[in-house]
Amino acid sequence: MNCPDIKEKLSAYLDGMTDPAEKAAIEQHLSSCRQCSAYRAELEKTVGRLRNLEGIEPPPWLSQKVMARIREEKQKKGFIQKLFYPLHVKVPIHALATVLIAVITVYIFKAIQPEVLQQPVAPAEQMSKAMPESGRRAEIPATQAPAPARKQDLMAIPEEARRKEAAPLADYAPVTRPAPEEMIVPQQAEKRALGEMEKTGDVSGASRLPLDATEAGKSQLRASAPAAPAPLAVSKKPAVLFSRRYITPDDIAKVLEVAVATEARDRVVLEVEYYVSERFEGMASMRIFPDIPEWTAIEIAVAQGRRVVRVPLELSSSERAPVRESSNLTIEMSAERKNEPSATLLRMVIPYRKIWSRP
Amino acid sequence: MSEYMEDERQGQDEDLDAVRRCKKGDDAAFEALVLRHQKMMMNIAYRMTGNYDDACEVVQEAFLSAYRGLRDFRGTSKFSTWLASITINLSKNRLKQVSTRAGREPVSLDDPVATSDGEVRYDPPSSEPSALDQLESRELNRQIQDCLAALDHEFREVIVLRDVQGYAYDEIAVMIGIAAGTVKSRLFRARETVKNCLKKALGDRL
């Protein structure tokens with residue numbers, strides 16, 4: 001190694017940062033080269049001066065000022081942190097808020113829902129009460145005529161009608177009529193307004209069919225009989241349109257109105273508004289039989305939906321047999337599905353006087 | 001030279017303990033760290049910037065920066081080394097700012113300094129033995145400082161960290177982010193330049 005190489009390595013040599021071979025070569029060179037030895041001495045002195053430089057003392061306020069600035073920053077940070085919480089705090093808060101909003105929304109919705117549904121649902125619920133249930137028969141007041149009386153009445157039905165109706169009528173044995181109050185003369189030529197219908201179970205005087213419960217409903221029906229067909233009130237819409245939750249088997253069929261359309265001495269045409277659910281599959285039929293021996297019962301097929309049918313009732317014989325106030329009108333809707341026995345969807349017994357009575 | 005290094009080694013465990021407490025929000029622990037390391041940082045900053053005011057500013061910034069970045073300190077290096085590297089980087093930043101600043105107002109050590117606690121006068125060390133020695137020492141210090149200031153930043157930082165602060169080659173390499181071989185060559189250039197500078201200024205008194 002020549003002198004420039006040695007000089008370059010002397011810096012590291014002074015720090016003991018040369019490998020043994022270099023160190024030996026440097027030391028050998030230094031022992032023979034005065035110039036490099038002098039250089040080494042100067043370098044050592046320079047490094048020594050630097051190492052022995054007087055330490056600079058920081059001002060006494062420095063640490064205080066540092067801490068003051070740190071506290072200042074911490075306060076600022078604390079304020080900013082309130083605005084910008086870290087994610088591990090923010091996420092649970094947001095999640096909780098979301099859940100809370102969802103719960104409140106559901107709660108509010110549930111609180112409002114009954115109000116929304118009440119109007120359309122009410123008829124459905126009430127109508128369902130009008131439908132026959134085995135339990136309802138037991139509720140029939142004791143004041144009503146006993147079953148045997150009814151059976152005797154049926155004996156008076158003409159033979160062909162009786163054959164036709166025998167099977168279903170057997171089911172009606174428990175259904176009874178209210179005690180007679182007054183006689184109604186059926187020979188009124190003019191159209192009659194409807195009275196209120198009552199269900200069998202409600203004959204005792206409890207509740208009335210909702211559709212007839214209001215005066216508005218009555219006046220509509222009165223108008224409908226002679227001329228214009230009755231416009232259907234919105235409130236009469238079946239509940240199925242609103243909520244599946246409220247659909248029960250009883251909602252499959254309903255009789256909404258019964259009115260006398262035409263009345264003669266030997267012929268009465270009833271206008272029956274009914275409803276058969278669109279969901280119902282199969283054939284449905286309606287049977288109407290007046291509780292007057294001389295009058296024939298009739299069965300007609302009914303279609304799905306909400307419709308009005310005209311049902312003629314005729315005297316089975318030429319003999320005079322006025323409609324008696326004590327007589328009831330029984331309306332039964334039944335369904336037949338494939339391979340299934342006929343099922344009674346509903347049965348209503350309406351006191352005649354309610355249909356014939358004058359306004 | 002190595003008085004800071006020795007302090008640092010002794011205080012290394014204390015440093016780590018204080019750092020742990022700082023992370024839990026103990027400001028007193030950080031104050032202890034400030035008191036322990038401010039002189040080392042002040043020396044690095046002063047030798048790098050050559051200006052007492054700038055050095056004070058750099059040290060404050062370095063401590064704030066360390067406080068903010070405390071979470072990132074994993075203890076893979078010594079805490080003091082970490083502080084030193086922050087100080088050296090901020091010193092270089094300060095030098096860049098100073099060089100771009102056109103006319104710098106000279107600041108006298110005798111001028112009062114405005115702080116948040118009011119005006120405080122500098123209190124430079126006053127442990128001078130005699131007037132003559134004091135004068136000589138001051139002159140020598142000034143000469144050395146001038147020679148250091150004449151160096152480019154990348155040479156200055158190496159010689160300050162090695163010869164003034166006594167850090168090992170590999171420590172310096174990590175702090176500055178250069179290879180150990182580069183430390184060696186830069187140190188040689190820096191030493192030779194300072195040697196020539198001092199020889200020129202002091203002559204035989206070197």
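Reminder, nothing fancy here: chain letters follow the sequence lines and each chain counts from 1.
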Apply side-chain contact (heavy atoms from CB on, under 4.5 Å) to the pair A:Asp15 and B:Arg162, showing each step before the final yes or no.
CA-CA 10 Å; A:Asp15 291 325; B:Arg162 174 63 202 161; 3.1 Å; yes

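- B:Tyr52 has its side chain within reach of A:Pro59: a pair of non-hydrogen atoms, C-beta onward, lies under 4.5 Å apart.
- Other residues, nucleotides and ligands contribute at most 12 non-hydrogen atoms within 6.0 Å of the NZ atom of B:Lys200.
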List the steps, then state whether side-chain contact (heavy atoms from CB on, under 4.5 Å) holds for A:Tyr39 with B:Glu192.
CA-CA 9 Å; A:Tyr39 183 92; B:Glu192 190 179 52; 2.8 Å; yes

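- If you take CZ on B:Phe188 and CG on A:Leu43, they are separated by 8.0 Å, rounding to the nearest 0.5 Å.
- With a 6.0 Å radius and a threshold of 12 heavy atoms from other residues, nucleotides or ligands, A:Gln28 has its CD atom at or below the threshold.
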Where do B:Val194 and A:Arg49 land on the side-chain contact (heavy atoms from CB on, under 4.5 Å) test, with the steps shown first?
CA-CA 10 Å; B:Val194 171; A:Arg49 290 285 186 201; over 6 Å; no

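- Heavy atoms only, all atoms of each residue included: B:Gln60 and A:Leu62 are closest at CG-CD1, 3.6 Å.
- Looking at B:Val160, B:Leu198, B:Ile144 one by one, the single match for side chain to side chain contact (heavy atoms under 4.5 Å, CB included) with A:Leu50 turns out to be B:Ile144.
- Smallest separation of non-hydrogen atoms from A:Glu42 and B:Lys199: OE2-NZ, 2.8 Å.
- Looking at A:Met17, the atoms closer than 4.5 Å to chain B (heavy atoms on both sides) sit in the backbone and in the side chain alike.
- For A:Lys9, no part sits under 4.5 Å from any heavy atom of chain B, backbone or side chain.
- Surrounding CD of A:Glu27 are more than 12 heavy atoms belonging to other residues, nucleotides or ligands, all under 6.0 Å away.
- Taken to the nearest 0.5 Å, the CZ atom of A:Arg71 stands 11.5 Å off from the CZ atom of B:Phe30.
- A:Arg69 contributes no side-chain N or O that, together with a main-chain N or O of B:Leu64, makes up a donor-acceptor pair within less than 3.5 Å.
- For A:Lys65 (side chain) and B:Cys56 (main-chain N/O), no donor-acceptor pair under 3.5 Å exists by modelled atom type.
- Between the side chain of B:Asn43 and the backbone N or O of A:Ile56, at least one donor-acceptor pair lies under 3.5 Å.
- A:Ser63 and B:Gln38 get closest at one heavy-atom pair: N-OE1, 3.6 Å.
- Using a 4.5 Å cut-off between heavy atoms, B:Glu57 touches chain A through its side chain atoms alone.
- Here A:Thr46 contributes atom OG1 and B:Ile159 contributes atom CD1; the two are 8.0 Å apart, rounded to the nearest 0.5 Å.
- Within the 4.5 Å cutoff, no side-chain heavy atoms of B:Arg189 are placed close to those of A:Ser11.
- Surrounding NZ of B:Lys92 are more than 12 heavy atoms belonging to other residues, nucleotides or ligands, all under 6.0 Å away.
- Counting all heavy atoms, side chain and backbone alike, A:Arg51 lies closest to B:Arg191 at NH2-NH2, 4.3 Å.
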